[in-house]
Q: 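One structure, as C-alpha cells, below. Some questions next.
When a residue number appears, it is its place in the shown sequence, counting from 1.
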Amino acid sequence: MALNEEMELRDLFEIIRKRLGLIVLITLISLSISAVVSFFLLDEVYETSTTLMVGKTQNSQTNTIEYNDILANQKLVNTYSEIAKSDRVLDKVIEKLQLELKPSDLRKKITVASVKETEIIRITVEDTDPGFATDLANAIAEVFMKEVVDIMKLDNVQVIDVAKVPEEPVKPKPLLNIAIAGVLGLMLGLGLVFLIEYLDNTIKMSEDIERYLELPVLGVIPMYEEQ
C-alpha cells in the first residue's frame, strides 16, 4: 500500500514535526557545502563579447540596401559563425597570441552566434582571466575577418564593438547556488524522513494497531514514570 494512501495529512505533519531536527540538519549541511564550494572552491569566470556586422562589401559602389541583400547576409551569418569556430581560424589565433592550447581547448571557451535574426555576429569568450578573455575575443574577431576574405572572397565583415575587459565575474553565483542548495537540502531531508517512516514497521500507538492490523483495541496500559 502506498505511503500517500496510508497516511493522512495530519500524520505527515506529525512526521515532519517529529524529525524536524533531521530535516534542518540536512538543509544546513547542504547550505554549508554550497557556500564553501561557491565562495572558496569554484574559480571566478569572466565573460566578454565582441560583435561583428555582416553587410555590404567594402568595395561596393551602391549605397542602397536591398531586402534580398539583408536576407543573403542573414544566411551568411550562420556560415560565418562556423568559420569563426573552425580550426583554421583558431590555429592562427593560437599562433597570434602564442598560446599553448589546442583549437579544441579554445572552442570550449568561445560561443559564436547570431544576434536573433539580424546580420550581427557575437563572439563571446569565457575565462578565469578577464584580460585573456578580452584578448582572445578580439584576436578571434581579427583573424576571422581576414580568413573570411580568403575563404569567401568577400570583404563584408566589420567590427561593431570590440571586447572590453569585464569587471565582474559571471560565475559562480553564490547566492543563487546557496538558494538552490537550500531547496534541494530541504527536499532531501523531507524525502529521507518519509522514507525512514515508511520503512519503520514498529507499532507505536494504539491507533497503529487499528490502522495496520485492522484489529480493535480492547484496552490500553497507561505508562507511569518512576517517582
Side-chain angles (χ1 to χ4, degrees), residues 37-38 41-177 180:
V37 171
S38 297
L41 298 182
L42 292 179
D43 293 328
E44 293 183 335
V45 176
Y46 295 83
E47 179 183 290
T48 187
S49 300
T50 179
T51 51
L52 308 170
M53 177 78 178
V54 180
K56 282 183 171 299
T57 62
Q58 301 291 331
N59 298 323
S60 176
Q61 299 298 317
T62 62
N63 294 322
T64 58
I65 300 176
E66 300 291 341
Y67 179 70
N68 289 337
D69 293 338
I70 296 175
L71 291 179
N73 290 334
Q74 288 177 349
K75 291 183 178 179
L76 275 178
V77 166
N78 293 328
T79 303
Y80 284 1
S81 297
E82 295 302 316
I83 292 175
K85 295 182 291 185
S86 67
D87 285 359
R88 175 167 174 166
V89 170
L90 297 183
D91 277 333
K92 294 189 176 180
V93 170
I94 291 171
E95 182 180 352
K96 178 181 178 65
L97 298 180
Q98 298 181 340
L99 304 175
E100 295 181 354
L101 296 170
K102 298 178 181 177
S104 58
D105 298 325
L106 287 188
R107 202 171 288 116
K108 295 176 183 175
K109 299 175 182 290
I110 66 173
T111 302
V112 183
S114 60
V115 180
K116 297 181 180 178
E117 295 182 357
T118 67
E119 301 163 85
I120 298 174
I121 300 172
R122 173 173 286 123
I123 300 174
T124 303
V125 176
E126 287 189 354
D127 194 79
T128 54
D129 183 342
F132 173 70
T134 306
D135 293 340
L136 181 57
N138 289 326
I140 292 172
E142 184 179 336
V143 173
F144 161 70
M145 291 173 62
K146 292 179 180 176
E147 291 304 309
V148 164
V149 176
D150 290 341
I151 298 172
M152 304 293 292
K153 310 303 180 188
L154 292 173
D155 186 11
N156 61 344
V157 182
Q158 302 175 57
V159 175
I160 300 176
D161 291 317
V162 297
K164 298 177 181 177
V165 179
E167 297 180 354
E168 300 291 334
V170 294
K171 302 176 185 175
K173 296 180 179 179
L175 295 181
L176 178 61
N177 293 345
I180 293 174

Q: How close do Ile140 and Val89 get, heavy atom to heavy atom, and via which atoms?
A: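 In terms of heavy atoms, the two residues are closest at O-CG1, 4.4 Å.
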Q: Quick one: closest heavy-atom pair of Leu90 and Pro103, and the distance?
A: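 So the two residues come closest at CD1-O, 3.5 Å.
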Q: So which of Thr111, Leu106, Ile123, Val112 actually passes side chain to side chain contact (heavy atoms under 4.5 Å, CB included) with Lys85?
A: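 By the side chain to side chain contact (heavy atoms under 4.5 Å, CB included) criterion, Lys85 pairs with just one of Thr111, Leu106, Ile123, Val112: Val112.
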Q: Under 3.5 Å, is there a donor on one side chain and an acceptor on the other for Thr128 and Asp43?
A: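 No - no donor-acceptor pair under 3.5 Å links their side chains.
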Q: With side chain to side chain contact (heavy atoms under 4.5 Å, CB included) as the test, would you mind laying out the steps for Val37 and Asn177 before giving the verdict?
A: CA-CA 9 Å; Val37 171; Asn177 293 345; over 6 Å; no
Q: Considering non-hydrogen atoms only, spot the tightest contact between Pro172 and Ser38 and give its length.
A: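 Reported closest heavy-atom pair: CG-O, 3.5 Å.
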Q: Which pair of non-hydrogen atoms, one from Glu47 and one from Pro166, has the smallest distance, and what is that distance?
A: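 For Glu47 and Pro166, the tightest heavy-atom pair comes out as O-CB, 3.4 Å.
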Q: Could you please spell out the steps behind the side chain to side chain contact (heavy atoms under 4.5 Å, CB included) verdict for Val148 and Asn156?
A: CA-CA 9 Å; Val148 164; Asn156 61 344; 4.3 Å; yes
Q: If you round to the nearest 0.5 Å, how far is OG of Ser86 from CD1 of Ile151?
A: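 Answer for the CD1-OG pair, Ile151 versus Ser86, is 6.0 Å.
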Q: I need the full list of ring pair (Phe, Tyr, Trp, His ring centres under 6.0 Å) pairs touching residues 94-142, with sequence neighbours left out, sorted by first then second residue.
A: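 Output for this query is empty, none listed.
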Q: List the steps, then state whether side chain to side chain contact (heavy atoms under 4.5 Å, CB included) holds for Val157 with Met152.
A: CA-CA 11 Å; Val157 182; Met152 304 293 292; over 6 Å; no
Q: Do you know which of Asp135, Thr134, Ile110, Thr50 makes side chain to side chain contact (heavy atoms under 4.5 Å, CB included) with Val125?
A: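 Only match with Val125 under side chain to side chain contact (heavy atoms under 4.5 Å, CB included): Ile110.
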Q: Just wondering, do Thr48 and Val165 contact through their side chains at under 4.5 Å, heavy atoms?
A: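 They are not in contact (no side-chain heavy atoms under 4.5 Å apart), so the answer is no.
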Q: Given Ser114, which partner from the list Val54, Ile121, Val77 fulfils the side chain to side chain contact (heavy atoms under 4.5 Å, CB included) test?
A: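 Of Val54, Ile121, Val77, side chain to side chain contact (heavy atoms under 4.5 Å, CB included) with Ser114 is met by Val77 alone.
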Q: List the atom of Pro169, the atom of Tyr46, and the distance in Å for their closest heavy-atom pair.
A: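 Heavy-atom minimum between the residues: N-CE2, 3.5 Å.
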Q: Once rounded to the nearest 0.5 Å, what's the spacing between atom CG of Asp161 and atom CG of Asn138?
A: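 Nearest 0.5 Å value for the CG-CG distance: 10.5 Å.
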Q: Rounded to the nearest 0.5 Å, what's the gap from CZ on Arg122 to NZ on Lys116? Could you check?
A: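 Answer rounded to 0.5 Å: 9.5 Å.
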Q: NZ/Lys108 to NZ/Lys102 distance, rounded to the nearest 0.5 angstrom?
A: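 So the NZ of Lys108 and the NZ of Lys102 are separated by 9.5 Å.
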Q: Are side-chain heavy atoms of Glu142 and Lys96 found at a separation under 4.5 Å?
A: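 Side-chain contact under 4.5 Å: yes.
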Q: Go through the steps to decide whether Lys171 and Leu42 satisfy the test side chain to side chain contact (heavy atoms under 4.5 Å, CB included), and finish with yes or no.
A: CA-CA 9 Å; Lys171 302 176 185 175; Leu42 292 179; over 6 Å; no
Q: So, for Ala133 and Asp127, which heavy atoms are closest and what is the spacing to 0.1 Å?
A: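 What the structure gives for the nearest pair is CB-CB, 4.0 Å.
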Q: More than 12 heavy atoms of other residues, nucleotides or ligands under 6.0 Å from CZ of Arg107: yes or no?
A: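 Atom CZ in Arg107 is packed in, count exceeds 12.
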Q: In Å, rounded to the nearest 0.5 Å, how long is the span from CE of Met145 to OH of Tyr80?
A: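 Spacing of CE (Met145) from OH (Tyr80) equals 10.5 Å.
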Q: Working to the nearest 0.5 angstrom, can you tell me the gap between Ser104 OG and Lys109 NZ?
A: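 The OG atom of Ser104 sits 11.0 Å away from the NZ atom of Lys109.
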Q: Compare all side-chain heavy atoms of Ile120 with those of Ile160 and state whether any distance is below 4.5 angstrom.
A: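 Of all side-chain heavy-atom pairs linking Ile160 with Ile120, at least one is under 4.5 Å.
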